[in-house]
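Report on one structure; see the data block that follows.
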2 protein chains.
Amino acid sequence: MSNNHFKKGELYSFITGKASTAIARRLQKKFNATGLNLTIEQWSVLYHLWKQDGISQQELCNATFRDKPSITRLVDNLEKLNMVKRVASENDRRINKIYLTRQAQKLQEQTMDLAEETLNEALNTVPPEKIEVCKEVLQIVYDNLK
Amino acid sequence: MSNNHFKKGELYSFITGKASTAIARRLQKKFNATGLNLTIEQWSVLYHLWKQDGISQQELCNATFRDKPSITRLVDNLEKLNMVKRVASENDRRINKIYLTRQAQKLQEQTMDLAEETLNEALNTVPPEKIEVCKEVLQIVYDNLK
DNA sequence: GACATATAGTTGTTTATACAACTATTCAAA
DNA sequence: TTTGAATAGTTGTATAAACAACTATATGTC
């Protein structure tokens, strides 16, 4: 018998991710209002390329927690937007290395500012120590299920 | 200046909802393994109809935090699966009241058990007081942004 | 009662996700 | 060195979400 027994009616939000959905929608609206023609999912791929440019699609799968077809199509769309380029690896011709274009490099600061702004709006009024606990719990949930 | 300033690299999980995505995937796998031909999104609609049968599509929009086209198509698919029926309201012919079929009524206990099981797996090893803090924070996030 | 407005729901289009099936390349073992 | 397995990526198909544009019905004000 678990000590984490959920009262009925409380499990819904946890499963559907109401909070993260609300955050993503708010950030998307900020992108649109700024004239950034970029989805949150595309941004999440750029996010990892800003940290390390030239990683493979498989590494993007691991980093973004998506499957290979999802990354194939996100990279397709990012290429159409002229945000990334696929470059076949010299060593292993199965691998595409994904590189940011100059245009995408320029978007990092602006979009990260909007993301931080969104999180500040979301967590406004929440004491820092509670945020820490929340982050910790969500990390454990992820580790328990991955 | 916010006191909720995120260290760079920590905002990603909050925005993408890694934890709730992992929970939803785990539950979907349990549905599939049990032979339940039902998506999590369809289940989330049934969830609210189990609480109150015969509510309108608009009420389902509010309850599930989805827009009207999304609910139209979810109800379309649930009707094809013979899980719900649209019934035009007598008083106001703009309104469809959505009713569970007997088949859908039977699924409540089984699927709620699987959902609770999934959450117990997710929150295994997390002390109850931290779960409470996490739920509280996520609720505030939602209220701040909705 | 007529007309403007609001509300409920549907349809079209684009993007994204999950799963299965597929191709191409590399690796490893006989 | 050949062959079978593993790995990287793509394509097909179904479901879902967001947004805009649309139809139908109801409401409220003159």
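Letters A, B, ... are given to chains in the order of the sequence lines, protein chains preceding strands, and every chain is numbered from 1.
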Say whether, by atom type as modelled, one donor and one acceptor occur between the side chain of B:Gln57 and the main chain of B:Asn96 under 3.5 angstrom. no
Indicate, with a heavy-atom threshold strictly under 4.0 Å, whether [X] touches base, sugar-phosphate, or nothing.
| X | result |
| --- | --- |
| B:Lys29 | sugar-phosphate |
| B:Asp76 | nothing |
| B:Asp92 | sugar-phosphate |
| A:Gln42 | sugar-phosphate |
| B:Ile71 | nothing |
| B:Thr39 | sugar-phosphate |

Using whole Å, what does the distance between atom [atom2] of nucleotide [N] and atom [atom1] of [X] come to?
| X | N | atom1 | atom2 | value |
| --- | --- | --- | --- | --- |
| B:Ile95 | C:dA6 | CD1 | C1' | 13 Å |
| A:Trp43 | D:dA18 | CH2 | P | 17 Å |
| A:Ile55 | D:dG9 | CD1 | P | 10 Å |
| B:Gln28 | C:dT17 | CD | C1' | 11 Å |
| B:Arg66 | C:dT10 | CZ | C1' | 18 Å |
| B:Gln57 | D:dT23 | CD | C1' | 14 Å |
| A:Arg93 | D:dT10 | CZ | P | 16 Å |
| B:Met83 | D:dT15 | CE | P | 13 Å |

Hey, which of these two, A:Asn91 or A:Phe65, hits DNA chain C nearer its 5' end, going by closest nucleotide? A:Phe65
The answer to which of B:Ile40 and A:Arg86 contacts DNA chain D further toward the 5' end, by nearest nucleotide, is A:Arg86
DNA chain D nearest-nucleotide lookup for A:Ser56 and B:Pro69: closer to the 5′ end is A:Ser56
B:Glu41 side chain: which of D:dA6, D:dT25, D:dA16 is closest? D:dA16
If you check every side-chain atom of B:Gln58, which of C:dA18, D:dA17, C:dG9 has the closest atom? C:dG9
Side-chain N or O of [X] closer than 4.0 Å to phosphate OP1/OP2 of [N]:
| X | N | answer |
| --- | --- | --- |
| A:Arg94 | D:dT7 | no |
| A:Asn32 | D:dA18 | no |
| B:Lys68 | D:dA18 | no |
| B:Arg25 | C:dA18 | yes |
| B:Asn77 | D:dA16 | yes |

Co-membership, hydrophobic cluster, residues B:Ile95 and B:Leu74, 4.5 Å side-chain: no
Co-membership, hydrophobic cluster, residues B:Leu27 and A:Phe65, 4.5 Å side-chain: no
Is any NZ, NE, NH1 or NH2 atom of the basic residue among A:Asp76 and A:Arg86 found under 4.0 Å from an Asp or Glu carboxylate oxygen of the other? yes
I'd like to know if A:Asp92 pairs up with A:Lys97 as an ion pair, taking the criterion as any Lys NZ or Arg NE/NH1/NH2 lying under 4.0 Å from an Asp or Glu carboxylate oxygen. no
Ignoring hydrogens and geometry beyond distance, is the side chain of B:Arg73 in donor-acceptor contact with the base of C:dG12 at under 3.5 Å? yes
Counting only heavy atoms not in B:Glu129, do more than 12 fall under 6.0 Å of its CD? yes
